[in-house]
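Structure record follows, encoded as structure tokens.
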Amino acid sequence: MDRGKLKGHAALWLANIIWGLNAPIGKSVLVSAGNPQGISPFALSVYRMAGAALLFWALSLLRPRERVARRDIVLLFFASLFGIQLNQMLFLWGLSLTSPIDTSIIATIVPVLTMVLATLFLREPITWLKAGGVFLGCAGAVILILVSQHGTGHTSSMAGDLLCIVSAVSYATYLTAFRNVIVRYAPVTVMKWMFLFAAIVATAVYYRPLVEVDYAALAPRTWGGIAYVVVCSTFISYLMVPTGQRYLRPTVVSMYNYVQPIVAVLFTVALGLDTFGVTKGFAALCVFVGVWLVTKSKSRAQLEAERARMDPPSARP
């Protein structure tokens with residue numbers, strides 16, 4: 001494996017380990033029947049986007065300035081719409097209505113959607129190896145989630161599930177439709193513009209829920225959860241994803257979603273709330289083998305290069 005791909009895999013491992021903890025931590029700070037002193041998902045969306053925008057712009061001051069073409073600024077706005085605004089807002093809204101279990105299961109459809117959309121936007125082929133890897137990873141993730149022990153009070157909601165599904169479709173669209181503009185610039189440059197647009201829209205749309213928060217009543221634990229969501233699962237993770245997009249194909253990037261339920265299960269095991277047995281070990285193995293198969297599947301460029309080698313110049317018209 002070359003150095004670039006290794007860097008891409010490392011970045012995605014870090015991002016998805018952080019995201020694996022995001023559902024339980026994010027759920028703990030949202031207002032609910034069991035947590036009346038929490039905050040609304042709309043206010044948390046503003047914190048995520050405005051906080052990440054400030055962090056990315058501050059970081060950009062320490063790096064060489066990179067000029068972005070006007071046309072690409074427009075594309076980055078739409079990338080922000082699908083990759084951040086719709087994705088994050090709808091996810092947090094859905095998470096506030098349904099259980100973390102449901103959100104984890106729904107997240108497993110992202111690689112399937114990405115594989116299909118990559119054929120439309122990037123003309124990437126759906127090979128047997130790629131399809132097998134995607135569905136093997138999906139099966140492993142679903143088994144892992146279903147056999148895990150879950151606490152009470154996490155009721156499902158059709159409305160919440162639908163919001164999470166639309167969020168997943170939005171993110172898969174971002175990974176495929178906007179890959180070309182994302183890889184054109186440095187990750188910090190891309191993210192500072194995307195989160196600036198997201199922060200402006202979120203503040204304008206959710207200004208009222210933001211000012212209605214009773215900040216004096218928020219517990220230190222809630223502030224800690226908000227800090228994790230903003231700094232770790234938003235700033236650090238979204239800094240890592242463009243690195244993965246630069247070196248890896250969209251389907252490979254999306255396959256790392258299957259790491260998230262593994263992290264969530266290991267987290268609950270570490271807290272003594274769950275156990276890790278043979279079934280879960282088998283499910284985790286399915287996930288890792290699925291990721292490996294998709295990584296080994298051939299891209300459109302590789303298949304075209306192979307056809308060119310098999311088709312000698314004398315045989316071409």
Heavy-atom pair of closest approach, residues Ala283 and Gly140: CB-O, 3.3 Å
Can you confirm whether or not the ring centre of Phe78 sits under 6.0 Å from the ring centre of Phe178? no
Arg208 and Glu212, any side-chain heavy atoms less than 4.5 Å apart: yes
Would a 4.5 Å heavy-atom cut-off, applied to side chains only, mark Val213 and Tyr47 as touching? yes
Tell me if a side-chain donor or acceptor on Thr203 pairs with a main-chain N or O of Ile200 at a distance below 3.5 Å. no
Whether Thr222 side chain and Leu218 backbone form a donor-acceptor pair below 3.5 Å: no
Can you tell me how far CZ of Arg221 sits from OG of Ser28, rounded to the nearest 0.5 angstrom? 5.5 Å
Measure the shortest side-chain to side-chain distance between Tyr207 and Phe42 over non-hydrogen atoms and say whether it is less than 4.5 angstrom. no
Taking all heavy atoms of Ala202 and all of Val46, pick out the closest pair and write down the distance. O-CG2, 3.6 Å
Do Tyr171 and Val241 make a side-chain contact, defined as non-hydrogen atoms from C-beta onward lying under 4.5 Å apart? yes
Given Val183 and Tyr247, is the side chain to side chain contact (heavy atoms under 4.5 Å, CB included) satisfied, shown in steps? CA-CA 9 Å; Val183 301; Tyr247 298 108; over 6 Å; no
Report yes if some heavy atom in the side chain of Gln245 is under 4.5 Å from a heavy atom in the side chain of Leu175; otherwise report no. yes
Value for CG (Leu44) from CD1 (Ile39), rounded to nearest 0.5 Å, stands at 4.5 Å
In the structure I gave you, are the side-chain heavy atoms of Leu54 and Phe235 within less than 4.5 Å of one another anywhere? no
Tell me whether the rings of Phe77 and Phe197 are parallel (<30°), tilted (30 to 60°) or perpendicular (>60°). perpendicular
Can any side-chain N or O of Arg48 pair as donor or acceptor with the backbone N or O of Val230 at less than 3.5 Å? no
Under 3.5 Å, side chain of Arg63 to main-chain N/O of Ala186, donor-acceptor pair present? no
Donor-acceptor check, side chain of Ser167 to backbone of Leu163, threshold 3.5 angstrom: yes or no? no
Could you check if a side-chain atom of Phe56 sits within less than 4.5 angstrom of a side-chain atom of Met194, using non-hydrogen atoms only? no
Check whether more than 12 heavy atoms from other residues, nucleotides or ligands sit under 6.0 Å from atom CZ of Phe121, and answer yes or no. yes
Report yes if some heavy atom in the side chain of Phe195 is under 4.5 Å from a heavy atom in the side chain of Thr234; otherwise report no. yes
Does one hydrophobic cluster hold both Val74 and Leu76, with members joined at side-chain heavy-atom distances below 4.5 Å? yes
Main chain of Ser233, side chain of Trp19: is a donor-acceptor contact present, judged purely on distance under 3.5 Å? yes
List the steps, then state whether side chain to side chain contact (heavy atoms under 4.5 Å, CB included) holds for Met89 with Met49. CA-CA 10 Å; Met89 289 180 185; Met49 296 174 196; 3.6 Å; yes
Going by the salt bridge (charged side-chain N to carboxylate O under 4.0 Å, His left out) test, which pairs reach into residues 70-95, not counting sequence neighbours? Asp72-Arg184
Under a single-linkage definition using a 4.5 Å side-chain heavy-atom cutoff for Ile, Leu, Val, Met, Phe, Trp and Tyr, are Trp13 and Met240 assigned to the same hydrophobic cluster? yes
Does Tyr228 reach the main-chain N or O of Ile18 with its side chain, forming a donor-acceptor pair under 3.5 Å? yes
Give me the atom names and distance for the closest heavy-atom approach of Ile17 to Val263. O-CG1, 3.4 Å
Heavy-atom nearest pair, Tyr215 first then Leu210, reads OH-O, 2.9 Å
Under the side chain to side chain contact (heavy atoms under 4.5 Å, CB included) rule, what do Gln88 and Tyr238 come out as? Steps first, then yes or no, please. CA-CA 12 Å; Gln88 290 192 11; Tyr238 272 85; 3.1 Å; yes
For the side chain of Thr176 and the backbone of Thr173, is there at least one donor-acceptor N/O pair under 3.5 Å apart? yes
Grouping I, L, V, M, F, W and Y whenever their side-chain heavy atoms are under 4.5 Å apart, do Tyr258 and Val116 come out in a common cluster? no
Side-chain heavy atoms nearer than 4.5 Å, only ILVMFWY residues, links allowed to pass through others: does that put Ile182 and Ile73 together? yes
All side-chain hydrogen bond (donor to acceptor under 3.5 Å, both in side chains) counterparts of Asn257, not counting sequence neighbours: none
The residue among Met115, Lys130, Arg179 that forms side-chain contact (heavy atoms from CB on, under 4.5 Å) with Arg249 is Lys130
Tell me, with the steps shown, if His9 and Tyr256 meet side-chain hydrogen bond (donor to acceptor under 3.5 Å, both in side chains). CA-CA 9 Å; His9 285 296; Tyr256 275 91; 2.6 Å; yes
Under 4.5 Å between side-chain heavy atoms, hopping through other hydrophobics if needed: is there a path connecting Ile25 to Leu266? yes
Inter- and intrachain pairs under salt bridge (charged side-chain N to carboxylate O under 4.0 Å, His left out), touching residues 233-243, at least two apart: none
Would you check if there is a donor-acceptor pair between the side chains of Asn87 and Ser170 at a distance under 3.5 Å? no
Nearest heavy-atom pair of Ile84 and Ala198: which atoms, and what distance? CG2-CB, 3.7 Å
Look at the side chain of Ser237 and the backbone N and O of Cys232, then say whether any donor-acceptor pair between them is shorter than 3.5 Å. yes
So which atom in Leu239 and which in Thr243 form the shortest heavy-atom distance, rounded to 0.1 Å? O-OG1, 3.6 Å
Please lay out, stage by stage, how Leu86 and Val166 fare under the test side chain to side chain contact (heavy atoms under 4.5 Å, CB included). CA-CA 8 Å; Leu86 290 175; Val166 178; over 6 Å; no
Flag, side chain of Ser45 to backbone of Pro41, donor-acceptor distance under 3.5 Å: yes
Roughly how far, to the nearest 0.5 Å, is the CG atom of Asn16 from the CG atom of Asn22? 11.0 Å
Gap separating the CD1 atom of Ile143 from the SG atom of Cys286, nearest 0.5 angstrom: 5.5 Å
CD (Glu66) and NZ (Lys192) are apart, to the nearest 0.5 Å, by 8.5 Å
We want to know whether Gln85 and Ser80 form a side-chain donor-acceptor pair, criterion being a heavy-atom distance below 3.5 angstrom. yes
